[in-house]
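So the structure is just underneath, and the comments pick up after that.
All residue numbers refer to positions in the sequence shown, counting from 1.
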Amino acid sequence: MDPLAAGDLLEEFAKQFGIEPKEIDFEYYFPDYGDAQAPLTIQLLINSAKAGRWLGKS
């Protein structure tokens with residue numbers, strides 16, 4: 001996924017599910033250079049939405 005689109009998606013996601021955006025370490029999933037340390041998965045988004053907080057790397 002394009003990092004710009006991913007940023008928009010995560011911003012809207014956080015807004016929709018009441019998650020504090022600063023809890024999401026965007027650089028962990030979309031580093032400027034090199035490989036991501038972990039994939040950003042749909043399951044992570046689902047689990048975080050259910051929990052009402054970010055469950056991934058913060």
Provide the closest heavy-atom pair for S48 versus G56 in the form atom of the first, atom of the second, distance.
-> OG-N, 4.5 Å
For residues E27 and D32, report the shortest heavy-atom separation together with the two atoms involved.
-> OE1-N, 3.4 Å
When you look at CD of E11, are more than 12 heavy atoms from neighbouring residues, nucleotides or ligands closer to it than 6.0 Å?
-> no
Please list, chain by chain and in numerical order, all residues satisfying side chain to side chain contact (heavy atoms under 4.5 Å, CB included) with Y28, sequence neighbours excluded.
-> D25, Q37, A38, K57
[X] vs [Y] side-chain heavy atoms within contact, under 4.5 Å:
X   : Y   : value
D8  : F13 : no
T41 : I46 : no
I24 : K22 : no

same_hphob_cluster(Y29, L4) at 4.5 Å side-chain heavy-atom cutoff | no
Rounding to 0.5 Å, atoms CG (L10) and CD (E23) come to a distance of 12.5 Å
Rounded to the nearest 0.5 Å, what's the gap from CG on L40 to CZ on F30? Could you check?
-> 5.0 Å
Could you go through the side chain to side chain contact (heavy atoms under 4.5 Å, CB included) check for Q43 and L45 one step at a time?
-> CA-CA 5 Å; Q43 192 62 55; L45 295 173; over 6 Å; no
